[in-house]
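One structure is given here, and the rest of the page talks about it.
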Amino acid sequence: NVLNRAMIAEVRSAIAEAASRKEARVLFLRGEGKSFCAGVDIGDHMPGQFEKAIPEFDALAMEIADVEIPTVALLHGNVLGGGLELGLATDLAYAAAGAKLGQPEIKLAVFPPFAAALAPSILGARRAAELVLTGKTYTAAEGQDLGLVNAVFPDDEAEARTREVVRGIASLSRPALVLAKKALRSCDRERRDRLAEAERIYVSELMKHTDPVEGLTSFLEKRPPSWKDS
């Protein structure tokens with residue numbers, strides 16, 4: 001489930017359609033197949049594409065965060081890069097025991113704008129810095145300790161157990177859910193400004209350097225990168 005620009009547009013349309021349903025009480029986000037999402041297509045990070053792809057992805061993540069009803073994610077398989085950022089955008093996230101979580105972008109000389117902007121308010125400053133600056137891949141249990149997920153379920157029970165949570169929320173009063181989420185988010189009014197600044201740094205400053213293109217190219221060519229520090 002690698003996200004390319006067309007898939008990002010599709011998911012944004014689906015989120016908008018779901019959010020428009022006045023009877024909806026909860027939005028459940030999950031991936032089909034072996035992995036939840038391994039991130040945004042590397043090709044869409046390259047010059048000529050990133051100028052549109054990065055803002056489009058950040059808009060998707062923020063739209064998930066801004067849905068007025070509670071949002072729940074089930075994370076399984078590879079949950080990396082943009083995939084983990086989608087998980088961070090939800091109110092509640094649950095993981096299958098075998099899930100692998102991480103923001104590996106720094107290893108390619110880039111960084112995840114949404115995670116850089118929003119993770120500190122979710123995980124705390126030092127844990128967010130570890131996530132973004134090391135590029136470490138975490139097990140599901142480690143992700144729970146870090147604060148990336150609420151709970152970890154056995155692989156063969158993860159969907160059923162997460163759906164229990166979803167059904168429980170769906171049984172509650174919609175106005176109460178909407179206003180409770182509004183209250184929870186009231187302490188984070190600056191998140192749009194933080195994301196806009198992180199995105200500006202990525203697009204206008206980072207991508208002027210040669211190392212990001214080298215890192216992304218080396219990944220596509222399956223070879224070690226050769227950093228120029230320029």
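If you read the sequence from its start, that first residue is 1, and numbering goes on from there. Quick caveat: nothing in here was measured; it's all calculated off a predicted structure.
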>> Heavy-atom count check: over 12 atoms from other residues, nucleotides or ligands less than 6.0 Å from F111 CZ?
In response: yes
>> Applying a strict under-4.5 Å side-chain criterion to I, L, V, M, F, W and Y, I'd like to know whether L3 and F50 cluster together.
In response: no
> Is E85 reaching over with its side chain to a backbone N or O of A115, donor-acceptor style, under 3.5 angstrom?
Replying inline: yes
> If only atom types and distance count, is the side chain of R30 paired as donor or acceptor with the main-chain N or O of L74 below 3.5 Å?
Replying inline: no
>> A quick test of your reading: do over 12 heavy atoms of other residues, nucleotides or ligands sit less than 6.0 Å from CZ of R223?
In response: yes
>> With a 3.5 Å distance limit and no angle check, can you tell me whether N78 reaches the backbone of L80 through a side-chain donor-acceptor pair?
In response: no
> Do the side chains of F36 and L29 get nearer than 4.5 Å, heavy atoms only?
Replying inline: yes
>> Please evaluate residues L148 and L88 with respect to the criterion side chain to side chain contact (heavy atoms under 4.5 Å, CB included), reporting the C-alpha separation (whole Å), side-chain torsions for both, the decisive distance (0.1 Å), and the verdict.
In response: CA-CA 7 Å; L148 292 170; L88 287 169; 3.8 Å; yes
> Just by modelled atom types, is the K22 backbone N or O under 3.5 Å from a matching donor or acceptor in the R174 side chain?
Replying inline: yes
> Backbone N or O of P70 within a donor-acceptor pair of the K181 side chain at under 3.5 Å?
Replying inline: no
> So with a 6.0 Å cut-off around CD of E32, is the heavy-atom count from everything else above 12?
Replying inline: no
> What residue among K100, E130, Q144, Q103 forms side-chain hydrogen bond (donor to acceptor under 3.5 Å, both in side chains) with Y138?
Replying inline: E130
>> Quick check against the 3.5 Å criterion: does R5 have a side-chain atom that pairs as donor or acceptor with the backbone of D44?
In response: no
> Side chain of E51, backbone of Q49: donor and acceptor closer than 3.5 Å?
Replying inline: yes
> Is there a donor-acceptor contact under 3.5 Å from the side chain of E68 to the main chain of V178?
Replying inline: no
> Is there a salt bridge (Lys or Arg N to Asp or Glu O under 4.0 Å) between K228 and E214 once you walk through the steps?
Replying inline: CA-CA 9 Å; K228 304 298 183 185; E214 165 61 14; over 6 Å; no
> Do I64 and Y94 share a hydrophobic cluster, counting only Ile, Leu, Val, Met, Phe, Trp and Tyr and linking them when any side-chain heavy atoms are less than 4.5 Å apart?
Replying inline: no
